[in-house]
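We count residues from 1, following the sequence as given.
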Amino acid sequence: MISPYIYTGDPRKTQHLVSLEGAKERLHLFKADLLEQGSFDSAIDGCHGVFHTASPFFHDVKDPQAELIDHAVKGTLNVLNSCTKASSVKRVVVTSSMAAVGYNRKPCTPDVTVDETWFSDPELCESSKMWYVLSKTLAEDAAWKLAKEKGLDIVTINPTMVIGPLLQPTLNTSAAAIL
């Protein structure tokens, strides 16, 4: 299976980026694949901060492991491992999701404090076939474990939805929900 996150040089996938104001002077595109270890090394080398935002998000899933989970978990670990190789990296921001913390059978009443100990329950996600939720839960868990093991300074953000003006010419899953 070819990852949908490989930069192939296909102008249909990059034209909206290279046509942005100032792109000629400031934008550098790198070929990378979430599933390929070391694929992000050259893009991250020399960076002080890294924002990891790539994770597949769609509903019509035939093979959850291959289509969502592997990309989310292995992709996150591959990006973070590249960050550990670059001595210049000071902090990594991992874009997780509310999905990673919202499905755990715990009561969510006004007196409950939701904190960094909350994660979605992988068994609940799997039994309910919430594949995206499972992928984000496992990816964030893996990110925290690797960060602790390697001494990497990470923070996660857990947005409910990311929406805004579309840069690309195609409709993504989040924007389709609004449409």
Side-chain angles (χ1 to χ4, degrees), residues 1-57 66-101 114-120 132 134-168 170 172-174:
M1 179 173 152
I2 294 177
S3 169
Y5 300 97
I6 296 173
Y7 167 63
T8 61
D10 181 347
R12 293 173 297 171
K13 295 181 179 183
T14 58
Q15 187 57 45
H16 61 284
L17 298 173
V18 297
S19 64
L20 290 170
E21 185 178 330
K24 279 188 175 166
E25 298 79 30
R26 301 187 322 237
L27 179 65
H28 304 278
L29 297 177
F30 294 84
K31 181 177 181 176
D33 182 340
L34 286 172
L35 298 179
E36 186 180 318
Q37 199 169 29
S39 182
F40 292 88
D41 290 359
S42 63
I44 291 173
D45 187 41
C47 293
H48 297 284
V50 173
F51 290 81
H52 174 48
T53 61
S55 193
F57 174 44
E67 295 174 64
L68 292 175
I69 297 167
D70 284 349
H71 283 84
V73 177
K74 290 178 183 177
T76 297
L77 293 176
N78 284 337
V79 169
L80 294 182
N81 276 313
S82 289
C83 291
T84 65
K85 294 176 192 174
S87 60
S88 59
V89 174
K90 305 296 182 228
R91 172 164 281 176
V92 181
V93 178
V94 176
T95 304
S96 185
S97 170
M98 190 64 190
V101 297
V114 177
D115 62 17
E116 69 278 357
T117 65
W118 276 55
F119 282 96
S120 293
Y132 174 72
L134 180 61
S135 75
K136 294 305 281 187
T137 302
L138 296 176
E140 185 172 340
D141 183 53
W144 283 113
K145 285 177 180 170
L146 185 136
K148 185 176 182 179
E149 173 189 321
K150 305 260 183 161
L152 188 62
D153 183 7
I154 71 166
V155 294
T156 58
I157 57 172
N158 299 80
T160 304
M161 181 179 275
V162 177
I163 194 73
L166 297 179
L167 296 176
Q168 76 278 6
T170 57
N172 60 29
T173 304
S174 295

Write down the atom of A72, the atom of P56, and the distance for their closest heavy-atom approach. N-CD, 4.3 Å
Would you say NZ of K85 has more than 12 non-hydrogen atoms from neighbouring residues, nucleotides or ligands within 6.0 angstrom? yes
How long is the gap from CG on N81 to CG on L146, to the nearest 0.5 Å? 5.0 Å
Would you check if the side chain of N78 reaches a backbone N or O of L34 as a donor-acceptor pair within less than 3.5 Å? yes
Atom pair NZ/CG of K31 and L29 - distance to nearest 0.5 Å: 13.0 Å
Write down the atom of S87, the atom of K90, and the distance for their closest heavy-atom approach. O-NZ, 3.7 Å
Got K136 and S55 here, is their nearest side-chain heavy-atom distance under 4.5 Å? yes
May I ask you to test the E140-W144 pair for a side-chain heavy-atom distance under 4.5 Å? yes
With a 4.5 Å heavy-atom cut-off, do S97 and Y132 have their side chains touching? yes
When rounded to the nearest 0.5 angstrom, what is the spacing between NZ in K74 and CG in L138? 12.5 Å
I need the S19 OG to E21 CD distance, nearest 0.5 Å. 11.0 Å
Backbone N or O of C47 within a donor-acceptor pair of the S88 side chain at under 3.5 Å? yes
Take a 6.0 Å sphere around CD of Q37 and say whether it holds more than 12 heavy atoms from other residues, nucleotides or ligands. no
Over all atoms of both residues, closest heavy-atom pair of A86 and I44: CB-CG2, 4.0 Å
Between the side chain of S120 and the main-chain N/O of A99, is any donor-acceptor distance below 3.5 Å? yes
Could you tell me whether the side chain of L80 reaches within less than 4.5 Å of the side chain of K150, counting heavy atoms only? no
Are any side-chain N or O atoms of T95 and backbone N or O atoms of T53, one a donor and one an acceptor, separated by less than 3.5 Å? no
About how many Å separate OG1 of T156 and CG of D141, when rounded to the nearest 0.5 Å? 11.5 Å
Could you check if a side-chain atom of D153 sits within less than 4.5 angstrom of a side-chain atom of V89, using non-hydrogen atoms only? no
Out of curiosity, H16 NE2 to T14 OG1, how far, rounded to the nearest 0.5 Å? 7.5 Å
For the residue pair H52 / T76, report whether a side-chain donor-acceptor contact shorter than 3.5 Å exists. yes
